[in-house]
Undergrad: 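The structure is given below, and queries will be raised subsequently.
Below, chain A is the first sequence line, B the second, and so on; all start at residue 1.
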There are 2 protein chains.
Amino acid sequence: MLSDVMEDYLKAIYSLQMEHGPPVSTSSIAEYLGKTPPTVTSMVGKLEERGLLEREKYKGVELTTEGETVALEVLRHHRLLEAYLTEHLDYSWSEVHEEADALEHHISEEFERRVAAALGDPEVDPHGDPIPSADLTPPKSAGLSTLSDHGVGDTLVVCRVSDRDPEELEYLSEAGVTPGTTIEITDVAPFGMVTVRVVDSGREQSLPESVAQTIRVRAPDEECEDESVSTV
Amino acid sequence: MLSDVMEDYLKAIYSLQMEHGPPVSTSSIAEYLGKTPPTVTSMVGKLEERGLLEREKYKGVELTTEGETVALEVLRHHRLLEAYLTEHLDYSWSEVHEEADALEHHISEEFERRVAAALGDPEVDPHGDPIPSADLTPPKSAGLSTLSDHGVGDTLVVCRVSDRDPEELEYLSEAGVTPGTTIEITDVAPFGMVTVRVVDSGREQSLPESVAQTIRVRAPDEECEDESVSTV
DNA sequence: GGGTTGAATTAGACGTGTCTAAACTAAATA
DNA sequence: TATTTAGTTTAGACACGTCTAATTCAACCC
């Protein structure tokens, strides 16, 4: 059996692989998980022995199919939980991440099935992240652009925001920039500071580039994964 | 912070204390948790250092108020989860125990509050066990009698069944002997074998003494904790 | 090509929770 | 009272996941 800790490593490596592609470096995993590099080296050795990843010494690491499947399983749990907590237990959009992190390793297959059923097998979680399907086949990467890829005057629909930083999440939730909302870019200042107008409310909001980079958007007429109904 | 394992020990000691009173022996804890006695001795030493229990060497162990509070917190989590899974996720009466055991250590205070609210602050779980209140004051022991305390002809209402043994639970669920149902004792055979008739369905069922001892009952007119609506 | 530098790995230690084997206690028996 | 016995504790080992300090590697630059 795989420990919680091992599952966390696999999930982290999967995320890093999605962001920057393989190989994933020891130090990036260490930073992501808040561990020291030697700890990561040691753990990565164990995961390699179990066939969950491949490793080239001093280069980095890449998940095997098996490792990726485990990561997707954990991610499915995480995102189903986020969706469930939001829809059925009245959690706000930005509160769910920690709770899901704590529970994701401890739910049974049965629980997973029942939660999915209660939600009607959703395809995205409240942040707009795609929920891996029950068969754990790798989801095709949507190839969405980022808010900072666009310029003044562009009208866009928010598809996804990052769930990594609770503060950022609170800020966006506050600002009304949530998956499914339409925004228009009204200004781009030096250093990438972006000002957007939320079309429904008319409200304007400035976002630092670091945040703008984590917001995935699409053109209003494009297809996209279903946005979740965000009920903050 | 207290580890999951420590919480499990405290919960076990609490249960054993409820059943047979203090002091609780090393070997009984070991058997309850499926550990060896030396392991228990070692753990009990650590719990004593933390002020969670008192210990007399070669005699046994008794929870302090602080230890009891921790046990009640875990028990509250466990029983709220059992109730929630049964009522909102369509779990059957006998399936919930394992799931609750896995989750009880990992839910937040916030989660506890929201689950309790979603259930309307219930006082008993689906097996009829009392759910400790949010302030974690020790529940007064209900002083219910046991099915094996009664004789032929007695008509009784089931208040509580033990949730320790999934097989037994399945058996009782199958037989329709659930909290809130009225039964009549139709026969008591040698070795304590008890035959009961479920009043609603008219069905008869024989129960070995070991099982009869774990079923808590009351007279039909007595007060009792609210029975849960058992929807198997 | 040799030196510098930043990242990765090895070495060695520690805390936690578990085990088996051996020693010890205390209560019951003779 | 001496002995047996059942149960408890101590001693010592091990796996896991983590750390710090020391070493090694690879890439880059003059």
Undergrad: Taking only side-chain nitrogens and oxygens of B:Arg55, does any of them come within less than 4.0 Å of OP1 or OP2 of D:dT9?
TA: yes

Undergrad: Taking the side chain as every heavy atom from C-beta outward, state whether B:Glu19 and B:Thr214 have any pair of such atoms under 4.5 Å apart.
TA: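 No - every pair of side-chain heavy atoms lies 4.5 Å or more apart.
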
Undergrad: Using atom CG of A:Leu47 as one end and atom C1' of D:dT18 as the other, report the distance to the nearest whole Å.
TA: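 About 15 Å, once rounded to whole Å.
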
Undergrad: What does A:Thr41 touch in the nucleic acid at a heavy-atom separation under 4.0 angstrom: a base, only the sugar-phosphate, or nothing?
TA: base

Undergrad: To the nearest Å, give me how far apart NZ (A:Lys59) and C1' (D:dA26) are.
TA: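 A:Lys59 atom NZ is separated from D:dA26 atom C1' by 8 Å.
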
Undergrad: Is it true that B:Ser148 and B:Gln213 share a donor-acceptor pair across their side chains at a distance under 3.5 Å?
TA: no

Undergrad: If the cut-off is 4.0 Å, is B:Lys46 near the phosphate of C:dT18, judged by side-chain N/O to OP1 or OP2?
TA: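 False: B:Lys46 side-chain N/O out of range (4.0 Å or more) of C:dT18 OP1/OP2.
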
Undergrad: Nearest to the side chain of A:Met6 - C:dC24, D:dT20, D:dG17?
TA: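 Of all the options, the side chain of A:Met6 is nearest to D:dG17.
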
Undergrad: Taking atom C1' of D:dT18 as reference, at what distance in whole Å does atom NZ of A:Lys35 sit?
TA: 8 Å

Undergrad: Over how many whole Å does the gap from B:Ile29 atom CD1 to C:dT18 atom P extend?
TA: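 Checked: the CD1 to P distance equals 13 Å.
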
Undergrad: For A:Thr36 and D:dT18, is the shortest distance between a side-chain N/O and OP1 or OP2 below 4.0 Å?
TA: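 No, A:Thr36 has no side-chain N/O under 4.0 Å of OP1/OP2 on D:dT18.
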
Undergrad: What's the OH-C1' distance between A:Tyr58 and C:dA8, to the nearest Å?
TA: 6 Å

Undergrad: It should be established whether A:Ser3 places a side-chain nitrogen or oxygen under 4.0 Å from OP1 or OP2 of nucleotide D:dC16.
TA: no

Undergrad: A:Met43 CE to D:dA15 P: how many Å, rounded?
TA: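 In whole Å, D:dA15 P lies 15 Å from A:Met43 CE.
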
Undergrad: Is there a side-chain contact between A:Lys57 and the phosphate of C:dA7, meaning an N or O under 4.0 Å from OP1 or OP2?
TA: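 Result: no.
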
Undergrad: Without decimals, in angstroms, what is the distance between B:Glu56 CD and D:dT9 P?
TA: 11 Å

Undergrad: Students often get this wrong, so: under 4.0 angstrom with heavy atoms, is A:Ser42 touching a base, only sugar-phosphate, or nothing?
TA: base

Undergrad: Does A:Asp4 or B:Ser25 map to a spot on DNA chain D nearer the 5' end, using the closest nucleotide for each?
TA: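 Nearer the 5' end of the strand: B:Ser25.
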
Undergrad: Does some side-chain heavy atom of A:Thr146 sit less than 4.5 Å from a side-chain heavy atom of A:Ile215?
TA: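 The answer is no, as the side chains (C-beta and beyond) never meet within the 4.5 Å cut-off.
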
Undergrad: To the nearest Å, how far apart are B:Glu49 CD and C:dG17 P?
TA: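 One finds 12 Å between P of C:dG17 and CD of B:Glu49, rounded.
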
Undergrad: Run the numbers on B:Val44 and B:Thr26 for side chain to side chain contact (heavy atoms under 4.5 Å, CB included), then give the verdict.
TA: CA-CA 8 Å; B:Val44 147; B:Thr26 300; over 6 Å; no

Undergrad: Would you please confirm or rule out a distance under 4.0 Å between OP1 or OP2 of C:dT18 and any side-chain N or O of B:Tyr9?
TA: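 True: B:Tyr9 side-chain N/O within range (under 4.0 Å) of C:dT18 OP1/OP2.
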
Undergrad: Run the salt bridge (Lys or Arg N to Asp or Glu O under 4.0 Å) test on A:Glu49 and A:Lys46 for me, step by step, so that the C-alpha distance in whole Å, both residues' side-chain angles and the decisive distance to 0.1 Å come before the verdict.
TA: CA-CA 5 Å; A:Glu49 275 173 21; A:Lys46 287 169 196 167; over 6 Å; no

Undergrad: Please state whether the phosphate of C:dA8, meaning OP1 or OP2, lies under 4.0 angstrom from any side-chain nitrogen or oxygen of A:Ser27.
TA: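 Affirmative; the distance criterion is met.
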
Undergrad: Looking at B:Thr39, does any N or O in its side chain come under 4.0 Å of the phosphate oxygens OP1/OP2 on C:dG17?
TA: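 B:Thr39 to C:dG17 OP1/OP2: no side-chain N or O under 4.0 Å.
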
